[in-house]
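These notes concern the structure reproduced below.
Every heavy atom of this structure was used, including side-chain atoms; hydrogens, water molecules and symmetry mates were not. All chains are named by letter (A, B, ...) in the order of the sequence lines, taking the proteins before the strands, and each is independently numbered beginning at 1. None of the values given here were measured: they were computed from a predicted structure.
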Number of protein chains: 2
Amino acid sequence: MSPLVKIRSERDQMSAVERRIADFVLENAQLLRDYSSQQLANALGISQSSVVKFTQKLGFKGYPDLKYSVGEAIARADNSDAPQLATASDGDAGGSTLWRRKSEAEEATRLINPPETLQAVAEAIALAGRSGKVFIIGLGEDDIYARNFALRLSLLGILTVHNFDTARMTANISVAGAGDVLLVFSEHGNHPALGKIARYFRERRGQVITVTRHTANPLRTLADLALVVSAHDELPYIQPLLYQSALQHLLDGLFVQLCEGGDDRHAQLLANLDRIQLMLEP
Amino acid sequence: MSPLVKIRSERDQMSAVERRIADFVLENAQLLRDYSSQQLANALGISQSSVVKFTQKLGFKGYPDLKYSVGEAIARADNSDAPQLATASDGDAGGSTLWRRKSEAEEATRLINPPETLQAVAEAIALAGRSGKVFIIGLGEDDIYARNFALRLSLLGILTVHNFDTARMTANISVAGAGDVLLVFSEHGNHPALGKIARYFRERRGQVITVTRHTANPLRTLADLALVVSAHDELPYIQPLLYQSALQHLLDGLFVQLCEGGDDRHAQLLANLDRIQLMLEP
DNA sequence: CAACCGAAGCATAAATTATTGACCGGCATT
DNA sequence: AATGCCGGTCAATAATTTATGCTTCGGTTG
């Protein structure tokens with residue numbers, strides 16, 4: 001039970017001095033943090049031993065114990081009241097706001113991608129990893145995330161072909177077949193060349209997975225499986241940050257799912273991580 | 001700020017004994033309630049004074065202050081995590097946990113980089129953007145973020161030279177001079193070639209900014225300004241995700257600061273964004 | 001190799017907390 | 001009304017806990 005509730009409930013059966021202590025604690029609980037039993041006694045003009053006896057009567061081990069408990073109680077209470085206040089009066093200009101916006105974008109993105117889809121994508125990639133190839137492409141800023149994800153898949157022992165120009169990718173794809181997977185990253189999903197590549201890949205009976213904004217876009221209509229990202233902001237220099245965070249988060253989730261998908265991919269990953277560690281820190 | 005997050009974030013630059021204290025506190029935070037500094041010391045087989053000094057180094061008034069703060073943190077966590085546990089078990093297995101871990105890493109990273117440093121870095125880059133060049137290098141996975149940041153600086157109209165191999169970068173740097181800035185990305189900060197480049201750059205009177213893990217590492221000692229990243233997880237496939245999230249968050253914050261730094265960089269950015277938009281969606 | 005720096009422990013001072021015993025006033029019993 | 005009991009309070013002090021000064025030791029720098 002909260003120490004404050006307990007104090008209040010017993011207040012009526014207390015002696016005069018005890019009641020004064022009780023009142024002080026109830027009204028200035030937050031000050032208690034910086035008060036020793038002696039200081040509290042001074043503040044009330046009573047003896048320190050009275051304070052200690054007071055705490056013991058209430059069932060606490062002693063003064064520090066009461067103090068600690070009151071601290072917990074305040075923390076619990078502050079926790080449900082203060083956040084609204086804190087976010088409203090956030091002095092810390094951009095940093096914390098940015099953080100909140102990113103969280104929102106990430107959460108929104110998590111919500112619009114059904115677990116089944118994620119599961120299906122993970123399985124498709126895993127399958128391609130066992131018996132085929134994974135092709136990955138992204139242009140411009142999208143390339144950065146394509147590159148990153150490609151690297152991670154490689155670490156899992158999945159054969160990955162990464163390109164950042166359409167010509168090479170077209171050439172590479174000519175060896176694709178059933179059981180292979182193409183991952184296309186395109187924020188707006190309306191780059192004609194990517195559309196052509198996706199179509200070509202489908203003709204060769206490969207599975208197309210797109211990662212785009214959550215809009216109706218040409219690329220997405222070509223997909224066997226479509227992952228989507230949600231991120232919006234009025235400020236033009238903020239929006240890309242949100243998009244990238246949300247995208248990254250989506251990919252992170254996918255990656256974790258792959259890692260935890262059993263198999264011996266886990267072991268493979270560890271081995272690869274170790275090997276890389278050695279390479280980078282000679 | 002949560003004392004536990006703070007402890008975790010500084011864990012890396014602690015001595016052996018301090019790290020043992022940190023680990024104990026992180027893992028047995030609830031037990032702390034019944035431990036005096038002496039008991040804690042006994043439990044770890046170290047001296048009581050080490051415990052007290054540990055708390056003071058972290059910025060607490062003393063051991064009781066730490067204890068009280070940890071108590072608050074636990075109370076807060078118990079209060080909002082229990083409800084979250086319910087949401088976590090509604091199907092979305094790993095996603096929500098991952099999200100929380102990422103948030104923690106981002107928060108810890110925000111805490112260990114003083115606003116002054118961030119400000120100074122932003123100004124250094126802005127200055128170099130007006131009258132000099134910004135060199136950026138990162139190897140392996142670090143390259144991904146180096147590349148991303150380089151792209152963003154370009155959008156702001158800042159002349160940026162990005163490389164992902166040491167040979168080219170060395171060559172490029174030979175034209176560097178005072179007023180230029182070198183940004184080095186290196187998670188562990190102990191790649192000899194990067195150290196050489198940084199030293200060489202300093203000789204040419206340029207300003208070196210490093211971005212590394214929050215550890216004592218050779219590269220960091222060469223920096224005029226050092227940004228640091230905190231991210232930890234036992235799972236080897238999670239930790240990189242956290243590192244990258246935290247790093248990205250740090251860079252996002254920096255970028256926003258640059259965007260909001262006045263000047264006409266803002267206008268420049270808008271123009272560039274438009275132009276790129278046209279290029280990518282013909 | 002000397003000088004230095006920081007980390008850790010020991011011893012001890014300082015502080016905080018808990019207990020003891022004395023005193024006082026109210027109140028019931030004689 | 002006197003006596004004895006009892007809860008409450010406090011000052012003094014014991015016990016515990018925390019903080020600090022000093023020393024040593026291992027590693028680093030010049």
[X] [atom1] - [N] [atom2] separation (whole Å):
X       : N      : atom1 : atom2 : result
A:Tyr63 : C:dT19 : OH    : C1'   : 18 Å
B:Ile21 : C:dG9  : CD1   : C1'   : 12 Å
B:Leu40 : D:dA19 : CG    : C1'   : 16 Å
B:Arg19 : C:dA8  : CZ    : P     : 10 Å
A:Tyr68 : D:dT18 : OH    : P     : 13 Å
A:Gln38 : D:dT16 : CD    : C1'   : 16 Å
A:Asn42 : D:dC10 : CG    : C1'   : 13 Å
A:Arg20 : D:dG8  : CZ    : P     : 16 Å

Check: [X]/[Y] side-chain N/O donor and acceptor closer than 3.5 Å:
X        : Y        : answer
B:Glu106 : B:Ser103 : no
B:Gln48  : B:Asn42  : no
B:Gln119 : B:Gln257 : yes
B:Ser186 : B:Asp142 : no
B:Glu187 : B:Tyr243 : no

Members of residues 213-220 of chain B that approach DNA chain D, where some heavy atom sits under 4.0 Å away: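 Of all residues in residues 213-220 of chain B, none places a heavy atom under 4.0 Å from DNA chain D.
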Sugar-phosphate only, base, or nothing, as touched by B:Lys67 at under 4.0 Å among non-hydrogen atoms: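 B:Lys67: no heavy atom of the nucleic acid under 4.0 Å.
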Neighbours of DNA chain C within residues 45-54 of chain B, by heavy-atom distance under 4.0 Å: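 Close to the strand are B:Ile46, B:Ser47, B:Ser49, B:Ser50, B:Lys53.
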Step-by-step ring-ring contact (aromatic ring centres under 6.0 Å, His included) determination, B:Phe201 to B:Phe135: CA-CA 10 Å; B:Phe201 194 80; B:Phe135 295 83; 5.7 Å; yes
Salt-bridge criterion met for B:Asp23 and B:Arg8 (N-O under 4.0 Å):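 Salt bridge flag = no for B:Arg8 with B:Asp23.
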May I ask you to evaluate whether [X] reaches the phosphate of [N], defined as a side-chain N or O under 4.0 Å from OP1 or OP2?
X       : N      : value
B:Gln39 : D:dT16 : no
B:Ser37 : D:dT17 : no
A:Gln56 : C:dT19 : yes

Ring geometry between A:Phe255 and B:Tyr237 (parallel below 30°, tilted from 30 to 60°, perpendicular above 60°):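 Correct class here is perpendicular.
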Axial cation check for B:Phe164 ring with B:Arg147, 6.0 Å and 45° limits: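 Yes - B:Arg147 lies over the ring of B:Phe164, closer than 6.0 Å to its centre and within 45° of its axis.
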